[in-house]
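Naming: A, B, ... by sequence-line order, numbering from 1 per chain.
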Amino acid sequence: MPELPEVETIRRSLKTLEGRHIVRLDFSSLAPVETTQPRHIRRALADHPILRLERRGKYLLIRSAQGGALVIHLGMSGRLTFFDPPPKKFENHTHLILRFEDGSALAYQDARRFGTLSLTESADGTDNPFLQRLGPDYIDPLLTEEQFIARCRRHPGLNLKALTLNQGIASGLGNIYACEALYRASLDPRRKVRRSKNSELASLLEAARQSLELGIKHGGSSLRDYFDGLGNRGVMKDFLQVYDREGQPTLDGRGTVKRIVQQARSTFFCPEVQR
DNA sequence: GCGATCCTGGCC
DNA sequence: GGCCAGGATCGC
């Protein structure tokens with residue numbers, strides 16, 4: 001479900017968590033398949049305040065004043081919601097509840113359980129297997145064109161759609177913003193990296209940045225499941241050029257949107273614009 | 001590099 | 001009942 005703009009919006013909406021003292025962590029018996037042992041997570045977080053929230057690609061980090069951080073991936077259906085006061089009974093599929101000293105709570109909910117809950121004890125996350133394989137953030141200003149192109153060139157056989165979805169090359173794009181970025185760069189998602197010029201890869205980086213920043217500006221795309229940490233919707237859906245518009249004109253009216261399947265996922269694109 | 005696979009829920 | 005869904009890993 002959530003891509004970089006959605007996770008960033010959630011992060012910003014949960015600024016209220018900073019300084020809140022965690023007194024208890026309640027895990028469900030059906031936590032996501034990839035969950036670090038609850039007792040390890042408890043040991044790292046319980047009885048200490050939250051220092052701040054960080055983001056790496058689509059991962060959200062809840063950093064404890066103790067130094068370590070809970071590393072959350074929301075998968076397809078994950079949701080984080082702050083409650084003050086919390087309800088007596090939480091919604092179905094709530095797998096973790098952080099309870100704070102003042103009675104408020106943060107709930108992690110994930111029906112499909114594709115998400116992950118893990119830990120890092122280091123500042124840079126290099127001790128965490130998920131963060132370890134992550135490439136630089138697309139919106140990290142320290143990521144240069146040259147570096148991005150070099151990282152792309154390691155995968156000459158990938159088509160451009162698969163390239164954009166690969167979090168090891170650069171991180172943060174998911175299916176929505178991958179389609180949007182390729183449209184913005186006027187690049188055909190079926191084209192191979194080896195058939196692409198350096199200037200085209202550079203324009204893909206720039207297009208990805210603009211697509212993601214626009215998503216952040218509009219609070220993310222609420223298509224079905226996504227809400228920020230306070231339960232608010234994002235309006236980016238109204239600004240999407242091609243995603244979920246099969247058979248309709250692109251938002252800017254430059255052509256008609258087609259849907260194809262790549263890597264077993266829908267790609268929305270406009271053949272008249274993208275070559 | 002590609003397809004199958006992990007899950008549940010909503011919609012036709 | 002079948003198909004689809006903001007994801008990513010794993011085995012061939």
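Between the CG atom of Leu173(A) and the P atom of dG7(C) there is a distance of 10 Å, given to the nearest Å. When rounded to the nearest whole Å, the span between OH of Tyr226(A) and P of dG7(C) equals 14 Å. Taking atom CD of Glu6(A) as the reference point, atom C1' of dG7(C) lies 13 Å away to the nearest angstrom. Following rounding to the nearest Å, Arg265(A) (CZ) and dC4(C) (P) show an atom-to-atom distance of 13 Å. One interatomic measurement links the two molecules: CG of Leu223(A) to C1' of dC4(C), which rounds to 13 Å at whole-angstrom precision. In this structure, the CG atom of Asn166(A) is 13 Å from the P atom of dG7(C), given to the nearest Å. When rounded to the nearest whole Å, the span between CG of Asn175(A) and C1' of dA8(C) equals 13 Å.
Annotation for Thr164(A) and Leu173(A): closest pair O-CB, 3.5 Å, computed over non-hydrogen atoms. For the pair Ala123(A) and Arg56(A), the tightest heavy-atom approach, listed with the atom from each and the gap, is O-NH2, 3.1 Å. Here the closest non-hydrogen pair linking Ser77(A) and Asp110(A) is OG-OD1, 2.6 Å. Of all the heavy atoms in Thr250(A) and Cys270(A), the pair that sits closest is CG2-CB, 3.8 Å. Thr9(A) and Ile216(A) make their closest contact through OG1-O, 4.3 Å (heavy atoms, listed as atom of the first residue, atom of the second, distance). When all heavy atoms are compared, the tightest approach of Arg153(A) to Arg194(A) is NH1-CA, 4.3 Å.
At least one side-chain nitrogen or oxygen of Gln167(A) sits closer than 4.0 Å to the OP1 or OP2 atom of dA8(C).
In Lys237(A), the NZ atom is not crowded: 12 or fewer heavy atoms of neighbouring residues, nucleotides or ligands sit closer than 6.0 Å. Within 6.0 Å of CD on Glu246(A) lie more than 12 heavy atoms contributed by other residues, nucleotides or ligands.
No side-chain heavy atom of Pro189(A) sits less than 4.5 Å from a side-chain heavy atom of Asn159(A). Put simply, the side chain of Glu3(A) reaches to within 4.5 Å of the side chain of Ile176(A), judged on heavy atoms.
For residues 70-83 of chain A, proximity to DNA chain C is found at His73(A), Gly75(A), Met76(A), defined as any non-hydrogen atom under 4.0 angstrom from a strand atom.
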Report summary line: Reading nucleotides 6-12 of chain B from 5' to 3' and marking B where a protein heavy atom lies under 4.0 Å of the base, S where only the sugar-phosphate is that close, and - otherwise, the string is BBBS---
Which pairs, protein N/O on one side and nucleotides 2-5 of chain B N/O on the other, fall under 3.5 Å?
unit_1, atom_1, unit_2, atom_2, d
dC2(B), OP2, Gln263(A), NE2, 3.3

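Helical stems in DNA chain C, defined as runs of 3 or more consecutive Watson-Crick or G-U wobble pairs with donor-acceptor distances under 3.5 Å: B:1-6 with C:7-12, B:8-12 with C:1-5.
Nucleic acid contact for Asp110(A): none, since no nucleic acid atom lies under 4.0 Å from a heavy atom of the residue.
The side-chain hydrogen bond (donor to acceptor under 3.5 Å, both in side chains) contacts involving residues 98-107 of chain A comprise Arg20(A)-Asp102(A), Arg20(A)-Ser104(A), Asp26(A)-Arg99(A), Asp102(A)-Ser104(A), where partners must be two or more places apart or lie in separate chains. The side-chain hydrogen bond (donor to acceptor under 3.5 Å, both in side chains) pairs that include a residue from residues 266-275 of chain A are Lys161(A)-Thr267(A), Arg259(A)-Ser266(A), Gln262(A)-Thr267(A), where partners are two or more places apart or lie in different chains.
Taking the six-membered ring wherever Trp is involved, the centroid distance between the rings of Phe83(A) and Phe90(A) falls below 6.0 Å.
Taking atom P in both dC7(B) and dG11(C), one finds a spacing of 16 Å when rounded to whole Å.
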Requested in this report: Please assess Phe148(A) against Tyr138(A) for the test ring-ring contact (aromatic ring centres under 6.0 Å, His included), listing each intermediate value before the final yes or no.
Outcome: CA-CA 9 Å; Phe148(A) 177 69; Tyr138(A) 269 101; 5.7 Å; yes
